[in-house]
Protein chains: 2
Amino acid sequence: MDASSPSSSNESPWLPFESRRRARDEKREAVLRTAVALFLEQGYHRATLNEVAKRLNITKPALYNYFRGKDEILYECWSIGNELVDDCIAETSAAGGSGLDKLRKLIVRYAELMTEDYGKSLVRFDIRDLSEDNRKIVQTAKRRIDRAFRDYIAQGVKDGSVKPCDPKLAAFAIAGSLNWIGHWFQPGGEMTGRAVAEEFAIRLTEGIATSPTRKKADKPPRKGNASREETSEHHPRAAAGAAGQSKRARGRLR
Amino acid sequence: MDASSPSSSNESPWLPFESRRRARDEKREAVLRTAVALFLEQGYHRATLNEVAKRLNITKPALYNYFRGKDEILYECWSIGNELVDDCIAETSAAGGSGLDKLRKLIVRYAELMTEDYGKSLVRFDIRDLSEDNRKIVQTAKRRIDRAFRDYIAQGVKDGSVKPCDPKLAAFAIAGSLNWIGHWFQPGGEMTGRAVAEEFAIRLTEGIATSPTRKKADKPPRKGNASREETSEHHPRAAAGAAGQSKRARGRLR
DNA sequence: ACTATTTATTACCCATGGGTAATATACGGG
DNA sequence: CCCGTATATTACCCATGGGTAATAAATAGT
């Protein structure tokens, strides 16, 4: 343990009593990284700003230099996740292919997102904890995500890559599976996020695809029970850092 | 509106200032019905015991005649839902058939449960709000539910009704879809709970079934967008009563 | 009717934690 | 070196809401 190491992956820019000259945005993001982890770990209501501050080696009021309040922090966390999803959708839509191709691509990306903190925040945070305004924004964004799934499915039905089905219900089923990943996945388990994502992309589309699914060597059913017991039903602790991405500058105060 | 009607579906046994002689268990259950609805509607932390009491025409301390505290009420709500699931599993296991048959049966029942209050409580309530002891019980129960799904799938793979696949991941995918129903379904929408359940049973198994799925006249893709806009992403308000079932007598006080 | 028991009410307590005010410290520029 | 600005700290405030104590009203039994 070297306490003076410059800056490992997920560390606080506020070193105990020292160099505090980092750029403002870096600190903002550090707050969000810490907050999202804590909110996921303990749940928004049990998590306190005091604890967030403590993990950053600062005190609660300092947080108010960067955010208006707890609910705004929550919103910003969600917002980062949302940008990541938007990127997924944009890329997926840009890349050509059949409806099914796009659907698969989106599933892979979205699934992997669900294994990261900011992705989880999209499905684990309660919209009702937000301010009226932010809640509206979130709801609109969620509709847009839903539409992406539905559109790809509908498009697939049209171009023949997807069996005739109700796009709405199919989207519900698929998105449900994916969103649930955000509740049970924890890094360090049997499978990596990427592996889960790819497996789900196959599993979730082989029911509605017109052509047979599997590509690579047909994966045989796996044995072996994990050491850390997971369940499709519950949400365990969470931790682990997530992607950073810095195209944000909204919400400057003063 | 006849205020003196004896006892409609979801009403308080405590009539404003009057007849208070109902059996204890009936009152207990009335508290739970009200609580589960409110917890779903507002979220556990935003919901207050004062509000629960108010909806029952009583005051907060009266609730403590029936429960030790808020978290115990939460647990009891969950517990009722769990009993309902247990019944599903028991019935499904009792009825014979291939692994796939059982899986489908369980999906239908479980899905429909997810459209009811007590069912939703299984997936919407946060385990971390419970006492240490109750949390353990819940976790165990969740593992049991997960096992049922996995076992049916594994059995299906063995008896040839289900394509070779990893039962664990398949169970995750299916349970995820189903659990998510508890987040988006609201009665009064386009489809009834039963309809959703049956549709999901087909959709979720047609990917892993060995034989072609659909039974009745092949349902054509449906058009028509609902008046009340749903999304695969968010959780709306909730209300509606759920099944009662009264095989409970645990937790008597004093 | 009188009493015991159950069940409700009114009036509190108080821990928690979000948020603020006043103030101190660091930093960058002239 | 001094001053303005940004950023942090200490010391508070106070609304909320779970939980309790003391007490009153209803009910059942004899």
Side-chain angles (χ1 to χ4, degrees), chain A residues 12-31 34-35 38-39 42-77 126 128-131 134 251-254, chain B residues 12-31 34-35 38-39 42-77 126 128-131 134 251-254:
Chain A
S12 169
W14 294 272
L15 300 185
F17 190 71
E18 190 196 343
S19 61
R20 285 169 177 171
R21 69 201 71 106
R22 283 273 192 262
R24 185 182 172 83
D25 280 2
E26 247 175 280
K27 293 186 188 166
R28 243 185 93 97
E29 279 175 32
V31 172
T34 304
L38 189 70
F39 290 169
Q42 313 202 330
Y44 177 71
H45 288 98
R46 267 172 305 276
T48 72
L49 291 185
N50 276 321
E51 176 66 19
V52 171
K54 192 155 135 198
R55 293 194 182 186
L56 291 164
N57 300 318
I58 54 176
T59 57
K60 180 176 57 173
L63 297 173
Y64 286 81
N65 279 316
Y66 306 95
F67 303 95
R68 270 190 225 294
K70 195 186 185 189
D71 67 299
E72 191 181 290
I73 296 179
L74 186 73
Y75 171 75
E76 296 289 352
C77 290
D126 191 335
R128 291 166 297 192
D129 288 316
L130 300 173
S131 70
N134 288 338
R252 197 56 36 80
L253 301 180
R254 296 194 177 172
Chain B
S12 168
W14 294 272
L15 300 185
F17 190 72
E18 187 193 344
S19 60
R20 286 169 175 171
R21 69 200 71 100
R22 283 274 191 260
R24 185 180 173 87
D25 279 3
E26 246 174 282
K27 293 185 186 166
R28 243 184 93 97
E29 279 176 32
V31 172
T34 303
L38 189 70
F39 290 168
Q42 314 202 329
Y44 178 70
H45 288 98
R46 268 172 303 277
T48 70
L49 290 185
N50 275 322
E51 176 66 20
V52 171
K54 193 154 131 196
R55 291 194 183 186
L56 291 165
N57 301 318
I58 55 176
T59 57
K60 179 177 56 172
L63 297 173
Y64 285 81
N65 280 316
Y66 305 96
F67 303 95
R68 269 190 225 294
K70 197 187 184 188
D71 67 299
E72 190 180 293
I73 295 179
L74 185 74
Y75 171 75
E76 296 289 352
C77 289
D126 191 336
R128 292 166 296 191
D129 289 316
L130 300 173
S131 70
N134 288 337
R252 196 57 37 80
L253 301 180
R254 297 194 179 174

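Values below: every heavy atom of this structure, side chains too, minus hydrogens, waters and symmetry copies. Residue numbers start from 1 in every chain, and the chains themselves are labelled A, B, ... in the order their sequence lines are given, proteins ahead of strands. These numbers were taken from a predicted model, which means no experiment stands behind them.
- Nucleotide dT7(D) holds its P atom 13 Å from the CZ atom of Phe67(A), rounded to whole Å.
- One can place NZ of Lys70(A) at 15 Å from P of dT20(C), the figure rounded to the nearest angstrom.
- Distances shorter than 4.0 Å separate none of the side-chain N or O atoms of Arg24(A) from OP1 or OP2 on dA6(D).
- Between Leu56(A) atom CG and dT7(D) atom P there is a gap of 15 Å when expressed in whole angstrom units.
- Taking atom OH of Tyr64(B) as the reference point, atom C1' of dA22(D) lies 17 Å away to the nearest angstrom.
- Side-chain contact check for Arg68(B) versus Tyr75(B): every heavy-atom pair is 4.5 Å or farther apart.
- Here the side chain of Pro61(A) is nearest to one of dA8(C), dT10(D), dG19(C), namely dT10(D).
- Between Asp129(B) and Asp71(B) there is no side-chain heavy-atom pair separated by less than 4.5 Å.
- To the nearest 0.5 angstrom, Leu38(A) atom CG is 10.5 Å from Arg46(A) atom CZ.
- Between Lys60(A) and dT20(C), a side-chain N or O to OP1/OP2 separation shorter than 4.0 Å is absent.
- In terms of modelled atom types and a separation under 3.5 Å, the side chain of Lys70(A) and the main chain of Ala47(A) share a donor-acceptor contact.
- Between the CZ atom in Arg28(B) and the CG atom in Leu63(B) there is a gap of 11.5 Å [rounded to 0.5 Å].
- When the side-chain nitrogen and oxygen atoms of Thr59(B) are compared with OP1 and OP2 of dT9(C), one or more of them lie within a distance under 4.0 Å.
- Checking dT7(D), dG19(C), dT9(C) against every side-chain atom of Lys27(A), the shortest atom distance belongs to dT7(D).
- Arg28(A) places its CZ atom 15 Å from the C1' atom of dT7(D), with the value rounded to the nearest Å.
- Side-chain contact between Ile73(B) and Val52(B) is absent, with no heavy atoms from C-beta onward closer than 4.5 Å.
- Regarding contacts with the backbone of dT6(C), every side-chain N or O of Asn65(B) stays at 4.0 angstrom or more from both OP1 and OP2.
- Considering only heavy atoms from C-beta on, Tyr44(A) comes within 4.5 Å of Leu74(A) through its side chain.
- Put simply, CG on Leu38(A) is 13 Å from C1' on dG17(C), counting in whole angstrom units.
- A heavy atom closer than 4.0 Å to some atom of DNA chain D occurs in no member of residues 44-53 of chain A.
- Rounded to whole Å, the distance from CG on Asp71(A) to C1' on dG17(C) is 14 Å.
- Among dT10(C), dT9(D), dT20(C), the nucleotide with an atom closest to any side-chain atom of Ile58(A) is dT9(D).
- One atom, CG of Asp129(B), and another, P of dG18(D), lie 12 Å apart when rounded to the nearest Å.
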